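The block underneath contains the structure these notes are about, expressed in structure tokens.
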Amino acid sequence: MKPILEVLSGRALAVPPVWFMRQAGRYLPEYRALRERAGSFLDLCFTPELAAEVTLQPIRRFGFDAAILFSDILVVPHALGRSVSFEAGEGPRLDPLDDAAKLNALAATADEKVFAPVYEAVRRVKRELSANLALLGFCGAPWTVATYMIAGRGTPDQAPARLMAYREPRAFGRMIEILVTVSSRYLVEQLRAGADAVQIFDTWAGVLPPAEFARWCIEPMRKIVANVRAEIPDARIIGFPRGAGASLDTYVNHVPVNALSIDWTAEPGFIRDKVQRKAAVQGNLDPLVLLAGGSALDRGIDEILENFSRGPFIFNLGHGILPETPIAHVEQTLRRIRSR
Ligand code: CP3
């Protein structure tokens, strides 16, 4: 069995499998070259041969244990008819949904044609990937996708979406339900096209008070997992509620994911006791430690292996790799993990 799938089935491996969030991206010169030729970022996502090529770039260079499909969480709002663009150096721009009337007018179904090239990219990667490597699909969690749809951009604390959820809970709830339905279908089709597992990114889970976290993160996630498993009973799912902290306990008790991806602020003893007994753990090197390199990196890697590798564990970062990260530091990390 592929090492990552063994871990997702609950086994501990002596040498943990490893991949990095955002492993295909701007820190790679071959990515920057292809990105320049592709035109817009969305053209890159929606051209299957290019998306497949970018997906495979970090695999060829480093030999990670998993490839993650090259795409973005914001293809879902795009399929819901929202305008989405990525300006160089500025991040995503969407047409903001900044009042209840706009939320209530949001289309309830996605244009499935938009997703077709994504599934085709999955099939292409699957054909080229060697048998021991896993292919991961993904989507954004409803809460995190909603934060970008409401603000129309990234913000430091996603205040616009939090305000909307407090002021207009019905309209906001309708939007979350739409995202649950569309995301569930999207993940099922990625799995049918050949993804071995899927990760659901809830990058902004950490900005909510516990009751709102339960309502807008846990509950929609629980529904997505149930919807996907209703169609694919053994679907393997990784959850990433970034910044959830002590609420990870509640999360793992209510959302039956195979693995929880944790950020670098998580307390190791708490994670072993409350999380790793119930699900595999993935994480959690600080991307800035990877950027720093040297003995800080060696120490960071060793601590993580000591903390988590006695249970089911996938080595990863605590969030996406930073564009300034030196290639040599990624090589150093893989060597160190695999030489134990
Ligand atoms: O992990 C991978 O290698 C697969 C590809 C992937 C991308 N985005 C490519 C991308 C994945 C899994 C994502 C997820 C994503 N996208 C998240 C969740 C994870 C996280 O990082 O928090 C979020 C919040 C987004 C939304 C998004 N897309 C933002 C905020 C930005 C701008 C910031 C940035 O890093 O540039 C993007 C753009 C984006 N998505 C790029 C890449 C490679 C850079 C675009 C470029 O090449 O110019």
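Every heavy atom of this structure was used, including side-chain atoms; hydrogens, water molecules and symmetry mates were not. Whatever order the structure lists ligands and atoms in, that order sets their numbers, starting from 1. Small disclaimer: the values here were computed from a predicted structure and weren't measured.
In the vicinity of His319, heavy-atom distances shorter than 4.0 Å reach the ligand 1 atoms 20 (C), 21 (O), 22 (O). Those atoms of ligand 1 with a heavy atom of Phe86 less than 4.0 angstrom away are 28 (N), 37 (C), 38 (C). Within ligand 1, counting atoms from 1 as listed, the ones closer than 4.0 Å to a heavy atom of Thr203 are 18 (C), 19 (C), 20 (C), 22 (O), 24 (C). Every atom of ligand 1 is numbered from 1 in the order shown, and the set under 4.0 Å from a heavy atom of Ile68 is 1 (O), 2 (C), 3 (O), 4 (C).
No side-chain heavy atom of Phe115 sits under 4.5 Å from any side-chain heavy atom of His78.
Ion pair Arg336/Asp298 flagged as a salt bridge, since at least one NZ, NE, NH1 or NH2 atom sits closer than 4.0 Å to an Asp/Glu carboxylate oxygen. Salt bridge status for Arg61 with Glu30: present, with a side-chain N to carboxylate O gap under 4.0 Å. Look at Glu231 and Arg192 and you find a salt bridge, because one of the NZ, NE, NH1 or NH2 atoms lies within 4.0 Å of a carboxylate O, short of that distance. Residues Arg338 and Asp65 are paired through a salt bridge, judged by an N-O separation under 4.0 Å between the basic side chain and the carboxylate. Here Glu189 pairs with Arg185 in a salt bridge; the nearest charged N to carboxylate O distance falls below 4.0 Å. With respect to Arg236 and Asp196, no salt bridge is recorded, no charged nitrogen being found less than 4.0 Å from a carboxylate O.
When only non-hydrogen protein atoms are considered, atom 11 (C) of ligand 1 lies nearest to Phe138 CZ, 3.6 Å. In terms of protein heavy atoms, atom 42 (C) of ligand 1 is closest to Phe41 CE1, 3.6 Å. Atom 33 (C) of ligand 1 has as its closest protein heavy atom Arg26 NH2, 4.4 Å. Protein heavy atom in closest approach to atom 23 (C) of ligand 1: Ile73 CD1, 3.4 Å. Of all protein heavy atoms, the one lying nearest to atom 4 (C) of ligand 1 is Leu69 O, 3.5 Å. Scanning the protein for heavy atoms near atom 48 (O) of ligand 1, the closest one is Arg35 NH2, 3.0 Å. Summary of contacts: the protein heavy atom closest to atom 47 (O) of ligand 1 is Tyr31 OH, 2.5 Å.
Within the 4.0 Å heavy-atom cutoff, Pro92 counts among the residues contacting ligand 1. The closest approach between Thr55 and ligand 1 stays at or above 4.0 Å for every heavy atom of the residue. Residue contact check for ligand 1: Gly91 places a non-hydrogen atom closer than 4.0 Å to it.
Applying the ring-ring contact (aromatic ring centres under 6.0 Å, His included) rule to pairs touching residues 48-77 yields Phe20-Phe64, Tyr31-Phe70, Phe41-Phe70, Phe62-Phe64, sequence neighbours excluded.
Distances from atom 6 (C) of ligand 1 to the heavy atoms of Ser71, Pro287, Ala24 show the closest one on Ser71. Selection from Arg153, Glu90, Arg22 by nearest heavy atom to atom 15 (C) of ligand 1 gives Arg22. Across Leu136, Asp72, Leu317, heavy-atom proximity to atom 27 (C) of ligand 1 is greatest for Asp72.
Test Ile178, Ile224, Val76 against Pro142 for side chain to side chain contact (heavy atoms under 4.5 Å, CB included) and you get one pass: Ile224.
Tyr148 and Leu94 get closest at one heavy-atom pair: O-CD1, 3.9 Å.
The CG atom of Leu135 lies 10.5 Å from the CD1 atom of Ile4; values are rounded to the nearest 0.5 Å.
Heavy atoms from other residues, nucleotides or ligands lying under 6.0 Å from NZ of Lys102 number more than 12.
Any N or O atom pair closer than 3.5 Å counts here, and Trp204 shares no such pair with ligand 1. In terms of polar-atom proximity, Gln23 is counted as a contact of ligand 1, with an N or O under 3.5 Å from an N or O of the ligand. Not one N or O of Tyr148 is nearer than 3.5 Å to an N or O of ligand 1, by distance alone.
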